[in-house]
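What follows is a single structure, written as structure tokens, with notes after it.
Reckoned from all heavy atoms, side chains included, excluding hydrogens, waters and symmetry mates.
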Amino acid sequence: MERYLLHFKNKKYTPEDSRKIVYWARDLASKMNVSVRLARVATKFLEFDVAAEKGDLNALLETLSPIGEIDNVRHVIEEKTSKDQGVKEGISYFNNERYWECHESLEGVWKQCQGREKEMLQGIILVAVAFAHAQENDTSIGVGMLKRALEKLGTSPSMYYNINVDRIRKKTIHMQETGELVMFEI
């Protein structure tokens, strides 16, 4: 089976609905040879992490259509990309609340780095993963990741490509102090 991220347009759901939505999707697809692993709820979309055979994908999308209008489908495979392109994609994914994909893009960059740069990137990735947990209504897990994110961000330079690392650090400290995950753009 192949892994896919399915994005449906979101008009009314919040992260508190993520479990209800994943159970709904599992019920709808129960007669299919697919696995609906989890659902994340962003402002503009619902993201389902699924495993399916490529030939079953269109049928799965049709089966899940009562949930909403499909926005996009992404086949999750490890892609080789340049650092510039990976950072650019990571920023775009982060700013569009596609935190798991941000994690994947920046991890591709992280694999090409060493030393302090690698640590700092891991800190940004951990913030994205914290937000992905918030989209699954697992805010406590996300808040718990912030300490590790801050350790990795450390005293890294204030800018990395077009990412304001100081701003991420300040926002992360504030979220850790308040115990609330507040989405922001990088």
Side-chain angles (χ1 to χ4, degrees), residues 3-7 10 13-19 21-22 35-51 72 74-79 81 83 85-156 160-186:
R3 184 175 176 203
Y4 296 91
L5 293 179
L6 312 178
H7 294 97
N10 181 16
Y13 298 105
T14 66
E16 290 78 21
D17 298 313
S18 65
R19 291 202 200 303
I21 294 167
V22 77
S35 173
V36 180
R37 294 180 176 139
L38 57 88
R40 295 182 190 96
V41 180
T43 306
K44 296 180 183 176
F45 63 85
L46 307 173
E47 179 179 83
F48 292 94
D49 189 334
V50 302
N72 82 33
R74 177 158 184 221
H75 187 197
V76 180
I77 55 172
E78 188 170 338
E79 300 173 23
T81 186
K83 284 172 72 171
Q85 186 63 30
V87 170
K88 182 179 175 184
E89 289 173 359
I91 291 169
S92 177
Y93 288 138
F94 192 101
N95 291 343
N96 286 290
E97 296 181 39
R98 291 170 65 168
Y99 300 113
W100 192 255
E101 289 166 290
C102 171
H103 158 260
E104 294 285 323
S105 289
L106 293 181
E107 187 174 89
V109 175
W110 174 82
K111 289 178 179 179
Q112 300 175 50
C113 298
Q114 295 184 18
R116 192 68 207 113
E117 181 182 15
K118 191 169 192 137
E119 291 269 321
M120 185 263 320
L121 267 170
Q122 192 174 15
I124 296 170
I125 291 167
L126 286 167
V127 172
V129 172
F131 286 158
H133 280 287
Q135 290 176 326
E136 297 171 44
N137 200 32
D138 286 332
T139 304
S140 62
I141 292 172
V143 169
M145 298 184 94
L146 296 179
K147 180 179 180 187
R148 284 185 48 220
L150 284 170
E151 289 170 357
K152 297 294 183 180
L153 290 171
T155 58
S156 53
Y160 181 74
Y161 287 81
N162 291 334
I163 300 173
N164 186 334
V165 180
D166 278 342
R167 184 169 182 265
I168 294 172
R169 194 175 6 258
K170 287 174 186 169
K171 294 262 187 201
T172 303
I173 290 168
H174 184 270
M175 289 186 295
Q176 189 179 33
E177 289 171 349
T178 64
E180 294 180 37
L181 293 175
V182 179
M183 311 297 182
F184 61 90
E185 291 186 1
I186 58 173

Q: Over all heavy atoms of both residues, which pair between G90 and C102 is shortest? Give the atoms and the distance, please.
A: O-SG, 3.4 Å
Q. Taking the side chain as C-beta and beyond, is there a heavy-atom pair between R169 and V165 under 4.5 Å?
A. yes
Q: List the atom of G142, the atom of H133, and the distance in Å for their closest heavy-atom pair.
A: N-CB, 4.0 Å
(Q) I need the T81 OG1 to K88 NZ distance, nearest 0.5 Å. (A) 10.5 Å
Q. Can you find a heavy atom in the side chain of L5 that is under 4.5 Å from one in the side chain of R40?
A. yes
Q | Crowding at NZ, K44 (>12 non-hydrogen neighbours, <6.0 Å) | A | no
Q) Y99 versus F94: any side-chain heavy-atom pair under 4.5 Å? A) yes
Q. Is the number of heavy atoms from other residues, nucleotides or ligands under 6.0 Å of R116 CZ greater than 12?
A. yes
**Q.** CA sep, side-chain torsions, deciding dist, call: I124, L153, side chain to side chain contact (heavy atoms under 4.5 Å, CB included)
**A.** CA-CA 7 Å; I124 296 170; L153 290 171; 4.0 Å; yes
Q: Output the distance between atom CD1 (I77) and atom OH (Y4), rounded to the nearest 0.5 Å.
A: 9.5 Å
Q. What heavy-atom pair brings V127 and A149 nearest, and what distance separates the two atoms?
A. CG2-CB, 3.8 Å
Q | Sequence-distant partners of K171, salt bridge (charged side-chain N to carboxylate O under 4.0 Å, His left out), two or more places apart | A | none
Q) Can you name the nearest heavy-atom pair linking H103 to A128, along with the distance? A) N-CB, 4.5 Å
Q | Contact check, side chains of I163 and M120, non-hydrogen atoms, under 4.5 Å | A | no
Q: Please check if atom NZ in K83 has more than 12 non-hydrogen atoms from other residues, nucleotides or ligands closer than 6.0 Å.
A: yes
Q) To the nearest 0.5 Å, how far apart are CZ in F48 and OG in S35? A) 12.5 Å
Q. Sub-3.5 Å donor-acceptor pair from the side chain of S18 to the main-chain atoms of P15, do we have one?
A. yes
Q. Can a salt bridge be assigned to the pair R19 and D138 using a cut-off of 4.0 Å between side-chain N and carboxylate O?
A. yes
Q. Sequence neighbours excluded, which residues qualify as salt bridge (charged side-chain N to carboxylate O under 4.0 Å, His left out) partners of K147?
A. none
Q) How many angstroms lie between CG in L150 and NZ in K170, if you round to the nearest 0.5 Å? A) 13.0 Å
Q | Check: R98 side chain, S92 main-chain N or O, donor-acceptor pair, under 3.5 Å | A | no
(Q) Is it the case that the side chain of N95 and the backbone of I186 share a donor-acceptor pair, with hydrogens and angles ignored and the cut-off at 3.5 Å? (A) yes
Q: Grab the two heavy atoms, one from A130 and one from L181, that are nearest each other, plus how far apart they are.
A: O-CD1, 3.5 Å
Q: Determine yes or no for a side-chain-to-main-chain donor-acceptor pair under 3.5 angstrom, with E117 supplying the side chain and Y160 the backbone.
A: no
Q.
Using every non-hydrogen atom in the two residues, find where E107 and I125 come nearest and quote the distance to one decimal.
A. N-CD1, 3.7 Å
Q) Can you check whether G154's main-chain N or O pairs, donor with acceptor, with E119's side chain at less than 3.5 Å? A) no
**Q.** With V50, the side chain to side chain contact (heavy atoms under 4.5 Å, CB included) member among V36, V76, L38
**A.** V36
Q. Listed by chain and number, what are the side chain to side chain contact (heavy atoms under 4.5 Å, CB included) partners of T14, not counting sequence neighbours?
A. E16, D17
Q.
Looking at R74, I'd like to know if its CZ atom is crowded, meaning that more than 12 non-hydrogen atoms belonging to other residues, nucleotides or ligands lie closer than 6.0 Å.
A. yes
Q. When you look at NE2 of H75, are more than 12 heavy atoms from neighbouring residues, nucleotides or ligands closer to it than 6.0 Å?
A. yes
Q. CE of M175 to CZ of F184: how many Å apart, nearest 0.5 Å?
A. 4.5 Å
Q | Trace of the side chain to side chain contact (heavy atoms under 4.5 Å, CB included) decision for N10 with T43 | A | CA-CA 7 Å; N10 181 16; T43 306; over 6 Å; no
Q. Rounded to the nearest 0.5 Å, how far does CD of E47 lie from CH2 of W100?
A. 9.5 Å
